[in-house]
Structure formats: C-alpha cells, structure tokens
Asks: 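The structure under discussion is supplied below as structure tokens; questions concerning it will follow.
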Amino acid sequence: MILIMRKTPNIRTTAKEASHERIVSAAAKAIRRSGYDGTGVADIMKEAGLTHGAFYAHFASREAMLAEAADRAGAESNALAASVIAAVPPEQSLQALMQLYLSKEHLESIETGCPVSALGSEMPRQSPEVRRAATLRIKEMIDLVARQFPDWGQPGAHERALVTVATMVGTLMLARAVDDAALSDALCSASLKSLSLPKTESID
C-alpha cells in the first residue's frame with residue numbers, strides 16, 4: 001500500500017508532463033500557422049486532446065503559453081538548422097543552411113518552419129515574456145550562423161551572421177507575402193546568390 005502511494009504522484013506527474021508537452025507542441029505549430037492573435041486557448045486545448053478547463057493547470061495565462069510556444073518553435077527551427085549543418089562538411093555548412101532556408105519547401109512549410117519569418121511582423125505587439133522567449137532563440141540562430149564562418153569569435157563573423165540572418169528572414173517574409181510565384185522564386189534566388197558571393201576585403 002505504501003509503495004502504491006509513493007508511485008501515484010509520479011504517475012500523475014508523468015501524465016501532466018505529457019499533456020503539457022502536447023499543448024506546447026500544438027501551440028508552437030498554431031502560432032506559425034495562424035499568428036499570435038489567431039491562436040486561441042480553446043482551439044489549442046482541443047488540438048491537444050484536452051478540455052478548455054484544464055488549461056490553467058498548466059499555464060498561469062495565455063501569454064505564458066505563447067511564450068513557451070515561441071520558445072519551442074524557435075528551438076525546433078534551430079535544431080533543424082543544426083542537423084543540416086552537422087550533415088555536411090564544415091566548408092559547405094553555411095551554404096547548405098541558406099539553401100534549405102530559402103528553399104521552396106521551407107517557404108511552403110510555414111507551420112513547421114522558422115517562426116521568425118512566420119511571426120516577425122507581429123513581434124513588436126507581443127508581451128515582454130513572448131518577445132524575450134523569441135529573442136533568445138533569435139540570438140541562438142545568429143550564433144549558430146556565426147559559428148560557420150572561419151573567423152568565428154571575431155566581430156566580423158558576428159556582423160556577417162547578423163546580415164545573413166536578417167537577409168534570409170526578410171527574404172522569406174517577402175517571398176511569402178507576394179501572390180506572384182515567379183517573384184517569390186526570384187527573391188529567394190537573388191538573396192541566395194548574394195549571400196553566396198565571396199566577400200572581398202577592402203583595400204585602403
């Protein structure tokens with residue numbers, strides 16, 4: 001009897017953690033699919049297979065859920081980027097990452113793709129906790145890109161990473177915004193070509 005009583009809290013904790021995981025996973029997809037404002041608690045709970053009333057057993061507020069969703073979406077995106085980098089020789093890593101990011105497949109996969117390009121225009125209007133969660137993942141993304149440059153650790157590598165990430169994100173946002181497929185493809189191709197050009201050192 002004592003053993004059963006000791007095990008029960010663990011079973012309950014595991015079940016609650018599993019439910020929490022389903023909610024955050026559903027919300028991470030929903031914010032990319034429908035935006036922050038289009039992501040309602042009732043819909044997320046239904047998608048996670050839980051009742052609306054169970055929400056406050058997991059989160060203090062809707063904003064707390066959105067912050068976790070932003071963190072999860074960023075983590076998933078960065079993990080995918082890291083896996084692409086790990087799969088190729090070091091000298092090909094940045095090119096492989098840029099090609100994937102600006103690919104047609106990524107452009108059409110807004111629900112599971114980079115949350116920065118999916119939600120960037122909405123971020124200024126979000127709560128501090130949501131913006132903080134997203135910002136930390138953006139910094140992680142920039143650092144991941146910076147590590148692919150031969151002079152990683154130097155100011156120049158960090159600056160090039162800033163430009164690279166800003167170009168990739170901005171390009172994908174524009175490519176998704178337009179209703180002209182040819183223009184969308186041209187935007188991605190032009191940015192990829194520009195980012196891939198060898199950088200020459202200036203001569204004083």
Asks: Report yes or no: do Val84 and Leu195 belong to one cluster of Ile/Leu/Val/Met/Phe/Trp/Tyr joined by side chain heavy-atom distances under 4.5 Å?
Replies: no
Asks: By the salt bridge (Lys or Arg N to Asp or Glu O under 4.0 Å) test, which pairs, at least two apart or in different chains, include something from residues 110-136?
Replies: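 Matches after skipping sequence neighbours: Arg33-Glu111.
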Asks: Donor-acceptor pair, Glu68 side chain versus Ala64 backbone, under 3.5 Å?
Replies: no
Asks: Look at the side chain of Ser191 and the backbone N and O of Leu187, then say whether any donor-acceptor pair between them is shorter than 3.5 Å.
Replies: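 Present.
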Asks: Any idea which heavy atoms bring Pro115 and Ser77 closest together, and the distance?
Replies: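 Minimum heavy-atom contact is CD-CB, 3.7 Å.
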Asks: Tell me whether Met65 shares a hydrophobic cluster with Met123, the cluster being built from Ile, Leu, Val, Met, Phe, Trp, Tyr side chains joined at under 4.5 Å.
Replies: yes
Asks: Side-chain contact test, heavy atoms from C-beta onward, threshold under 4.5 Å: evaluate it for Tyr101 versus Thr164 and give yes or no.
Replies: no
Asks: Considering only residues two or more places apart or on different chains, which pairs with a residue in residues 166-184 satisfy salt bridge (Lys or Arg N to Asp or Glu O under 4.0 Å)?
Replies: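 For residues 166-184: none.
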Asks: Quick one: do Val116 and Val165 end up in the same hydrophobic cluster if we chain Ile, Leu, Val, Met, Phe, Trp and Tyr together by side-chain heavy atoms under 4.5 Å apart?
Replies: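 Shared cluster, yes.
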Asks: Can you tell me how far apart NE2 (His106) and SG (Cys114) are? Round to the nearest 0.5 Å.
Replies: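 So the gap between those two atoms works out to 5.5 Å.
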Asks: Output the distance between atom CD (Glu108) and atom OG (Ser103), rounded to the nearest 0.5 Å.
Replies: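 OG of Ser103 is found 9.0 Å from CD of Glu108.
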Asks: Would you list the atom pairs, donor with acceptor, under 3.5 Å between side chains in residues 37-45 and any protein atom, with sequence neighbours excluded?
Replies:
from: Thr39; atom 1: OG1; to: Ala30; atom 2: O; distance (Å): 3.4
from: Thr39; atom 1: OG1; to: Gly35; atom 2: O; distance (Å): 2.7

Asks: Taking atom CD of Gln99 and atom OG of Ser196, what is their separation to the nearest 0.5 Å?
Replies: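 So the CD of Gln99 and the OG of Ser196 are separated by 6.5 Å.
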Asks: I'd like to know if Phe149 and Met98 are part of one continuous hydrophobic network [Ile/Leu/Val/Met/Phe/Trp/Tyr, side-chain heavy atoms within less than 4.5 Å].
Replies: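 In one cluster: yes.
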Asks: Scan for salt bridge (Lys or Arg N to Asp or Glu O under 4.0 Å) pairs involving residues 144-156, sequence neighbours excluded, and state none if there are none.
Replies: Asp143-Arg147, Asp151-Arg160
Asks: If you compare all heavy atoms of Ser121 against all heavy atoms of Met173, which two are closest, and at what distance to 0.1 Å?
Replies: N-CE, 3.8 Å
Asks: Measure across Ala175 and Cys188 and return the closest heavy-atom pair with its distance rounded to 0.1 Å.
Replies: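 Looking at all heavy atoms of both residues, the shortest contact is CB-SG, 3.8 Å.
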Asks: Can you find a heavy atom in the side chain of Leu97 that is under 4.5 Å from one in the side chain of Val145?
Replies: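 Answer yes - side chains close enough.
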Asks: How many angstroms lie between atom OG1 of Thr135 and atom NZ of Lys139, to the nearest 0.5 angstrom?
Replies: 7.0 Å
Asks: Using modelled atom types only, decide if a donor and an acceptor are shared between the side chain of Ser184 and the backbone of Ala181 within a distance under 3.5 Å.
Replies: no
Asks: Measuring from Leu192:CG to Leu100:CG, what's the distance to the nearest 0.5 Å?
Replies: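 One gets 11.0 Å once the value is rounded to the nearest 0.5 Å.
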Asks: How many angstroms lie between OG1 in Thr171 and CG in Leu102, if you round to the nearest 0.5 Å?
Replies: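 With rounding to 0.5 Å, OG1 (Thr171) is 6.0 Å from CG (Leu102).
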Asks: Report yes or no: does Ser109 contribute a side-chain atom to a donor-acceptor pair with the main-chain N or O of Thr112 at less than 3.5 Å?
Replies: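 Absent.
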Asks: What residues, two or more places apart in sequence or in another chain, satisfy ring pair (Phe, Tyr, Trp, His ring centres under 6.0 Å) together with His20?
Replies: His58, Phe59
Asks: Indicate the atoms forming the closest heavy-atom contact of Val88 with Ser93, along with that distance.
Replies: CG2-CA, 3.5 Å
Asks: Among Leu107, Val169, Ile110, which residue satisfies the side chain to side chain contact (heavy atoms under 4.5 Å, CB included) criterion with Ser117?
Replies: Val169
Asks: Please collect all salt bridge (Lys or Arg N to Asp or Glu O under 4.0 Å) contacts where either partner lies in residues 21-32, sequence neighbours excluded, each pair once.
Replies: Glu21-Arg72, Arg32-Glu76
Asks: Backbone N or O of Leu80 within a donor-acceptor pair of the Ser83 side chain at under 3.5 Å?
Replies: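 Judged by distance alone, yes, a pair lies under 3.5 Å.
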Asks: Can you hop from Leu50 to Leu66 via hydrophobic side chains spaced under 4.5 Å?
Replies: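 In one cluster with Leu50: Leu66, yes.
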Asks: Does atom CD of Glu91 have more than 12 heavy-atom neighbours, drawn from other residues, nucleotides or ligands, at distances under 6.0 Å?
Replies: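 Counting neighbours around CD of Glu91, more than 12 heavy atoms of other residues, nucleotides or ligands fall under 6.0 Å, so yes.
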Asks: Quick one: does any side-chain atom of Ser19 pair with a main-chain N or O of Ala15 as donor and acceptor, under 3.5 Å?
Replies: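 Such a contact is found between Ser19 side chain and Ala15 backbone.
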